[in-house]
Asker: 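Dropping a structure here in structure tokens format, bear with me for questions.
Sequence lines set the chain letters: A, B, ... in the order given, protein chains first and strands last, and positions in each chain run from 1. Nothing here was measured: the structure is a model prediction, and the numbers come from that model.
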2 protein chains.
Amino acid sequence: MANRKTLSGGSAAFHGTRHAHARCVGRALGRAEELCRQRGARLTYMRRRVLELIWDSHKAVKAYDLLDRLSDSEKSVRPPTVYRALEFLMVHGLVHRVDSLNAFVGCSGSDEQHNAQFLICQECGEVSEMDGAMIGQAVARQAAEAGFNVRRQMVELHGECPGCAAK
Amino acid sequence: MANRKTLSGGSAAFHGTRHAHARCVGRALGRAEELCRQRGARLTYMRRRVLELIWDSHKAVKAYDLLDRLSDSEKSVRPPTVYRALEFLMVHGLVHRVDSLNAFVGCSGSDEQHNAQFLICQECGEVSEMDGAMIGQAVARQAAEAGFNVRRQMVELHGECPGCAAK
DNA sequence: CTGGAAATGTTACTTTATAACAATGCATTT
DNA sequence: AAATGCATTGTTATAAAGTAACATTTCCAG
């Protein structure tokens, strides 16, 4: 209620190039810290680093891009390190894997709900997380009709975001 | 109308172990032939072979499993061969890629509609294609609310199929 | 039966991800 | 502080998934 930028039921936000992105990052890191504290999980240097890099944009990031960005001429970070950090962040609901892209995005949903859908712009690459209640319901209902018990739903919609449509 | 086994709007079929699977295969190959004839596309030996192997079960099949099955001690088939056959079959709507599994299933939908959703059983691995009209609508509507223009939708639901639930 | 396009073969490589074990860090008990 | 033990990260190697580029073959139209 307090924060008009928080995603709420049925809406999704695209950000475009110019927005106060530091706030997005700040919010995400804040939430991560809070959540880990509550759960007694350790948000280590590496995990925080990876989370920051993922939140560097609203696009989905490839694991090996993270790897490159984490490595400098001195010291190269290896795949397992990144995948382990990603694993941790996913388990705690701080990032999502976008299966249709083999890539990762920061979770911008609110704490507990997790029937997220992803809107993926084919032009600019931005990914927006949406909590589409209607979609969730339709999925649940139609699966039930088929006698199927849904445990995890993946909905990834590729198309054109409002910003890119405007051009 | 004539064929009660054909999937129709809003329903999905799971097959379990005992069913007249030769019919599924026959139907799929028949459709493939028909469709290629209509379009002047060539259903070559390799493409037909791959399609048959995919229809060997109702599970999603990995490209490299196809590769193994296509190779014998004499002659090994290489990745591009399989991926090219898969590409062809996908372009013509004869198989689908299941992104969340990096695997492929035969298309059991009717000819032209293509808003398919996949129900994937985590126990037995069977994949069932569903044409959930409600889901499609909900997706379209909620994306539209967000100003997003959907070009391709990917809906993959992991859970428990009726057969496995019964056990 | 031949010229050209489509299909397949072949080699090499890229991208994505994980297994297995070693070393280090860090928190708690003694 | 030393000892214990588990969580985290480092390291090496390899698996799994997919593609680029060019050579060869197939096959159909003329």
Side-chain angles (χ1 to χ4, degrees), chain A residues 32-33 35-37 39-54 59-92 94-105 125 154 156, chain B residues 32-33 35-37 39-54 59-92 94-105 125 154 156:
Chain A
E33 229 143 55
L35 209 141
C36 287
R37 204 175 42 67
R39 299 185 187 173
R42 287 165 58 191
L43 187 61
T44 61
Y45 174 73
M46 184 57 72
R47 289 164 179 175
R48 165 188 284 274
R49 225 25 236 300
V50 168
L51 187 57
E52 280 170 11
L53 285 174
I54 285 176
K59 301 178 185 175
V61 187
K62 303 246 161 195
Y64 276 72
D65 286 347
L66 293 172
L67 212 58
D68 288 344
R69 294 200 238 159
L70 288 166
S71 302
D72 53 35
S73 44
E74 310 276 307
K75 184 160 168 35
S76 89
V77 168
R78 305 310 172 88
T81 300
V82 166
Y83 282 103
R84 283 192 288 229
L86 288 170
E87 168 75 13
F88 173 91
L89 295 169
M90 284 196 293
V91 164
H92 290 285
L94 298 169
V95 314
H96 293 292
R97 199 191 128 89
V98 182
D99 287 296
S100 56
L101 298 176
N102 293 343
F104 303 83
V105 283
M154 244 144 349
E156 300 177 10
Chain B
E33 231 143 52
L35 210 141
C36 286
R37 203 176 43 66
R39 299 186 188 172
R42 289 164 57 191
L43 188 62
T44 61
Y45 175 73
M46 185 56 71
R47 289 164 178 175
R48 165 188 285 274
R49 215 46 224 298
V50 168
L51 187 57
E52 279 170 10
L53 286 174
I54 285 176
K59 300 177 185 175
V61 188
K62 303 246 162 195
Y64 275 71
D65 287 347
L66 294 172
L67 212 57
D68 288 344
R69 293 200 239 161
L70 288 166
S71 303
D72 53 35
S73 43
E74 311 274 307
K75 184 159 168 37
S76 89
V77 169
R78 305 310 171 87
T81 300
V82 167
Y83 281 104
R84 284 192 288 229
L86 289 170
E87 167 75 15
F88 172 90
L89 296 169
M90 284 197 292
V91 163
H92 290 284
L94 298 168
V95 314
H96 293 291
R97 198 191 129 88
V98 182
D99 288 301
S100 56
L101 298 176
N102 292 344
F104 302 83
V105 283
M154 173 239 177
E156 300 178 8

Asker: It should be established whether A/Thr81 places a side-chain nitrogen or oxygen under 4.0 Å from OP1 or OP2 of nucleotide D/dG10.
Answerer: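 It does, given that an N or O in the side chain of A/Thr81 lies less than 4.0 Å from OP1 or OP2 of D/dG10.
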
Asker: In terms of side-chain heavy atoms of B/Met46, which of C/dT10, C/dG9, C/dT18 is nearest?
Answerer: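 It is C/dG9.
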
Asker: Has B/Lys62 got a side-chain N or O lying under 4.0 Å from the OP1 or OP2 atom of D/dA16?
Answerer: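 The answer is no; no side-chain N or O of B/Lys62 sits under 4.0 Å from OP1 or OP2.
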
Asker: For the residue pair B/Ala103 and B/Lys62, what are the closest heavy atoms and their distance?
Answerer: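 Taking every non-hydrogen atom into account, CB-N, 4.1 Å.
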
Asker: When the distance from CG of A/Asn102 to C1' of D/dA16 is rounded to whole Å, what number comes out?
Answerer: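 One finds 12 Å between C1' of D/dA16 and CG of A/Asn102, rounded.
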
Asker: Quick one: the side chain of B/Arg84 and the base of C/dG9, do they pair up donor-acceptor inside 3.5 Å?
Answerer: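 Side chain to base: pair present.
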
Asker: Can you give me the closest heavy-atom contact between A/Glu156 and A/Arg97, atom names plus distance?
Answerer: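 That would be OE2-O, 4.2 Å.
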
Asker: Looking at the side chain of B/Arg47, which of D/dG18, C/dT18, C/dT8 is the nearest nucleotide?
Answerer: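 Given the options D/dG18, C/dT18, C/dT8, the side chain of B/Arg47 is closest to C/dT8.
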
Asker: From CG of A/Leu67 over to P of C/dT14, roughly how many Å is that when rounded to an integer?
Answerer: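 Atom-to-atom, A/Leu67 to C/dT14, this comes out as 16 Å.
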
Asker: Kindly say whether A/Arg42 contributes a backbone atom to a donor-acceptor pair with the side chain of A/Arg47 at under 3.5 angstrom?
Answerer: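 Checking the backbone N and O of A/Arg42 against the side chain of A/Arg47, a donor-acceptor pair under 3.5 Å is found.
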
Asker: Check this one for me: any side-chain N or O of A/Tyr83 less than 4.0 Å away from OP1 or OP2 of C/dT18?
Answerer: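 For C/dT18, OP1/OP2 do not have a side-chain N/O of A/Tyr83 under 4.0 Å.
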
Asker: Both B/Ala103 and A/Arg78 contact DNA chain D. Taking the nearest nucleotide for each, which residue is further toward the 5' end?
Answerer: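 The 5'-side residue here is A/Arg78.
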
Asker: Nearest-Å distance, CD (A/Glu74) to C1' (D/dG10)?
Answerer: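 Between C1' of D/dG10 and CD of A/Glu74: 17 Å.
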
Asker: Taking CG from B/Asp65 and P from D/dG18, how many angstroms apart are they, rounded to a whole number?
Answerer: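 It works out to 12 Å between those atoms.
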
Asker: At under 4.0 Å, does any side-chain N or O of A/Thr44 touch on OP1 or OP2 of D/dA7?
Answerer: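 A/Thr44 to D/dA7 OP1/OP2: no side-chain N or O under 4.0 Å.
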
Asker: For B/Leu70 and B/Val77, work out which heavy atoms get closest and say how close.
Answerer: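 Scanning both residues completely, I find the closest heavy atoms to be O-CG2, 3.7 Å.
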
Asker: Take atom CG of A/Leu86 and atom P of C/dA17, then tell me their distance rounded to the nearest Å.
Answerer: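 In whole Å, C/dA17 P and A/Leu86 CG are 9 Å from each other.
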
Asker: Whole angstroms only, please: what is the CG-P distance between B/Leu101 and D/dG18?
Answerer: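 Between P of D/dG18 and CG of B/Leu101: 11 Å.
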
Asker: Ignoring backbone atoms, establish whether A/Arg49 has a side-chain N or O less than 4.0 Å from OP1 or OP2 of D/dT9.
Answerer: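 Result: no.
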
Asker: Between the base of C/dG25 and the side chain of A/Tyr45, is there a donor-acceptor distance below 3.5 Å?
Answerer: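 No such pair is found, so the answer is no.
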
Asker: Is any side-chain nitrogen or oxygen of B/Arg42 closer than 4.0 Å to OP1 or OP2 of D/dC27?
Answerer: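 Checking D/dC27 against B/Arg42, no side-chain N or O comes under 4.0 Å of OP1 or OP2.
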
Asker: Of the listed nucleotides (D/dT11, D/dG18, C/dA17), which one gets closest to any side-chain atom of B/Arg97?
Answerer: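 So the side chain of B/Arg97 is nearest to D/dG18.
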
Asker: When only distance counts, do a donor and an acceptor, one from the side chain of B/Tyr64 and one from the base of D/dA17, lie under 3.5 Å apart?
Answerer: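 By the distance-only test, yes, there is a pair.
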
Asker: Mind calculating the distance between CG (A/Asp99) and C1' (C/dT15) to the nearest angstrom?
Answerer: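 To the nearest whole Å, that distance equals 16 Å.
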
Asker: Where is the tightest heavy-atom contact between B/Leu101 and B/Ala60, given as atom of each residue plus distance?
Answerer: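 In terms of heavy atoms, the two residues are closest at CD1-CB, 3.9 Å.
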
Asker: Measure CG/A/Leu70 against C1'/D/dT11 and give the value in whole Å, please.
Answerer: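 Atom-to-atom, A/Leu70 to D/dT11, this comes out as 16 Å.
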
Asker: I need the minimum non-hydrogen distance between B/Ala63 and B/Leu86, along with the two atoms involved.
Answerer: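 Taking B/Ala63 first and B/Leu86 second, the nearest heavy atoms are CB-CD1, 4.1 Å.
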
